[in-house]
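In what follows, every heavy atom counts, from backbone to side chain, and hydrogens, waters and symmetry copies are set aside. Computed from a predicted structure; not experimentally measured. So that the names make sense, note that chain A is the first sequence line, chain B the second, and so on, each numbered from 1.
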Amino acid sequence: MSNKAVKVLLIEDNPAYTRLIREILAEAKGSPFKLECADRLATGLACLAQGRIDAVLLDLGLPDSQGLSTLVKVQAEALAVPVVVLTGLDDEALAVEAVQEGAQDYLVKGQVDSNLLKRSIRYAIERKRAEEKARQLETLKELDQVRSQLLANVSHELRTPLTTIKGYSTMLLDYDRRLGRDEKQEYLSAIDRATDRMTELVDHLLDMTRLEAGLLKLDKTPTNITALLQTTIAEARLRTPGHKIVLKLPKTALRLNGDGRRIRQVVDNLIENATKYSKAGSTVTIEAKSQDSELVISVADQGIGIPRENLGNVFDRMFNLEHRLTQESGGLGLGLALCKGLVEAHGGRIWVESELGKGSVFRLALPQEAIAEGEAYGEKGQQSNNSHHRG
Amino acid sequence: MVKKGSRATILIIEDEDDIRTFASRVLELEGYRVLQAVDGDEGLRLARQGGIGLVLLDLRLPGRDGWAVLSQMKGDPEPSSIPVVVFTASAGAPQRSRALAAGAADYLVKPLSAASLKKAISRILRQKRRH
């Protein structure tokens, strides 16, 4: 340990004992220990909140907190700061419990001498440091596992379109003369679709990496969401003719300052999920409206729903990765995590309500910043006027 | 062009339309009869109808997955004598060992060329005839 001062916070309500500790730690000239004292837990926590404390000496029985909960509150305020618990002669069992709860050491009052106290503070600091290192190592291991899982999923997901490409292309080469013209066209189209699917996978991976690194840039422009949704839904209907896709829009056009391409990506992903997890013939309803200066878009399906215990996790990348390989559905499990990232990048939020066997409703709310009158809306070729084609 | 002795019926259990079409078409062109199933339940139903010479089985299927189909077909009390060839995008060695231990006749990793698929199927069918 370096020679710099060790800042110790003593949280103790007995003034006589506080005096004793102060004397011990200050007794030697040039003592490395600097002591701060608090006679109540609240005062101690306030001191911890300011940071710069190297170790805490903690009496568990204080006017405003007793027992193990005292330790828990200290840990909640400053998890990285080592704690030495001070305990009475008759309370050693409690002190041992405190160590099991994460305190680094304990001292029995009345048996404390100068060397023991100093040694204990030093020991607590070093032990905490070792614990931190072990914890970091554990985190790294977990990250490594997530990485392997992601790699396995990427491999699986890329192999599926690759199978189409490899299969059809070798078939076209080997059986050229025995295949009909229409059949060949069909296989070439399938190869084309498979390369699109691979491109999408690669794009998703890159987007996720950029989002996590904070490198994803939004291209915000005044956007006509009404027109955007009409185009999106028209294309979704072509892709999944088996589902009834309904679009509900208010009479006036919905406008937003946002990245149209990214908003569309989110809605596309939600519609794709909705059709993937519901039977053909069922209805998927997309609704958009202005509400409390937010633009709310919902995508509702009549599908299998999400188990209650998983509802909190569906936007969590790690969770989806771990559950993906055992699931029937394909995909990297990045879709919803990506949606969340893109919505939050817009300063919005996304959430889900679901009932098993009845269906799910995904909702996203984007802040509607004021857009000056007369600014241009929408992409080229899209009209801000939505008096036609409302589904 | 139909080769003698290759008229076995092959059941393909695969949920990806393009991959199922690819495998079906290649095997048809090689003179096999082909039955197709898009999920595990339909696959098992067809396998039990009889007359199947070989099953080509994807592992990740909706509903009852490929592992369940494999253990249903190869499990106790009367393991089926129909060879089951796994055709999967899961390239891991542990999965291969697990599938072979569960009674799979072979473990083919996607992607696969038309020629490799054809060879693998005819090899398994030859082995079966020798037994």
Side-chain angles (χ1 to χ4, degrees), chain A residues 148-149 151-180 182-198 201 240 242 276-280 303-304 323-333, chain B residues 1-3 12-32 34 38-41 43 56 58-69 86-96 98 107-121:
Chain A
S148 327
Q149 186 68 65
L151 209 63
N153 287 11
V154 169
S155 157
H156 190 283
E157 287 311 307
L158 287 177
R159 277 171 198 281
T160 303
L162 271 175
T163 309
T164 299
I165 296 169
K166 181 80 175 172
Y168 281 148
S169 60
T170 53
M171 195 160 86
L172 286 164
L173 288 168
D174 295 357
Y175 301 96
D176 181 47
R177 291 201 201 149
R178 296 175 60 196
L179 300 173
D182 289 353
E183 203 181 356
K184 284 181 190 171
Q185 284 296 314
E186 186 194 313
Y187 300 152
L188 287 168
S189 302
I191 290 172
D192 183 35
R193 284 196 305 273
T195 56
D196 286 346
R197 185 165 161 186
M198 289 181 72
L201 278 170
T240 44
K276 186 153 80 180
Y277 294 106
S278 65
K279 286 206 175 84
I304 55 175
H323 286 70
R324 189 56 46 168
L325 274 188
T326 55
Q327 276 183 8
E328 58 195 49
S329 60
L332 280 180
Chain B
M1 289 280 285
V2 174
K3 294 168 194 165
I12 299 170
I13 311 177
E14 167 71 62
D15 64 326
E16 286 278 338
D17 293 345
D18 286 328
I19 299 176
R20 197 177 58 249
T21 305
F22 151 67
S24 305
R25 197 67 184 100
V26 167
L27 296 175
E28 274 169 10
L29 286 161
E30 288 304 318
Y32 298 104
V34 173
V38 296
D39 60 45
D41 286 323
L56 189 67
D58 183 22
L59 287 179
R60 194 192 281 188
L61 293 167
R64 196 194 298 265
D65 70 5
W67 294 107
V69 172
V86 169
F87 188 35
T88 177
S90 302
Q95 308 231 42
R96 171 189 287 272
R98 183 181 155 200
Y107 189 92
L108 307 177
V109 176
K110 298 170 181 174
L112 210 60
S113 69
S116 305
L117 177 66
K118 175 181 86 179
K119 271 183 210 148
I121 298 299

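Residues meeting the salt bridge (charged side-chain N to carboxylate O under 4.0 Å, His left out) test with A:Lys166, sequence neighbours left out: none. When the salt bridge (charged side-chain N to carboxylate O under 4.0 Å, His left out) test is applied to B:Arg20, the partners found at least two apart in sequence or on another chain are B:Asp17.
Residues A:Thr164 and B:Phe22 form no side-chain contact, since every pair of their non-hydrogen atoms from C-beta on lies 4.5 Å or further apart. Counting only heavy atoms from C-beta outward, the side chains of B:Leu29 and A:Leu179 approach each other to under 4.5 Å. Two residues are said to be in side-chain contact when any heavy atoms from C-beta on lie closer than 4.5 Å; A:Thr163 and B:Leu112 fail this criterion.
Separating the CG atom in A:Leu162 from the NZ atom in B:Lys110 is a distance of 11.5 Å, to the nearest 0.5 Å. Separation of atoms OG1 (B:Thr21) and CD (A:Glu186) is listed at 6.5 Å; rounding is to 0.5 Å. Atom NE2 of residue A:His156 and atom CD of residue B:Gln95 lie 8.0 Å apart, to the nearest 0.5 angstrom. Within the model, atoms CZ of B:Arg25 and OH of A:Tyr175 stand 10.0 Å from one another, a figure rounded to the nearest 0.5 Å.
In this structure, the portions of A:Tyr168 lying under 4.5 Å from any heavy atom of chain B include both its backbone and its side chain.
Per-residue counts of heavy-atom pairs under 4.5 Å with chain A were compared for B:Ala114, B:Pro111, B:Ala115, B:Ser116; the largest is that of B:Pro111.
Ion pairing between a basic and an acidic side chain is recognised when a charged N comes within 4.0 Å of a carboxylate O; A:Asp174 and B:Lys118 show no such pairing. Ion pairing between B:Glu16 and A:Arg159 fails under the 4.0 Å rule for side-chain N and carboxylate O.
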**Message:** Apply salt bridge (Lys or Arg N to Asp or Glu O under 4.0 Å) to residues A:Arg178 and B:Glu30 and explain how you reach the verdict.
**Reply:** CA-CA 11 Å; A:Arg178 296 175 60 196; B:Glu30 288 304 318; 5.1 Å; no
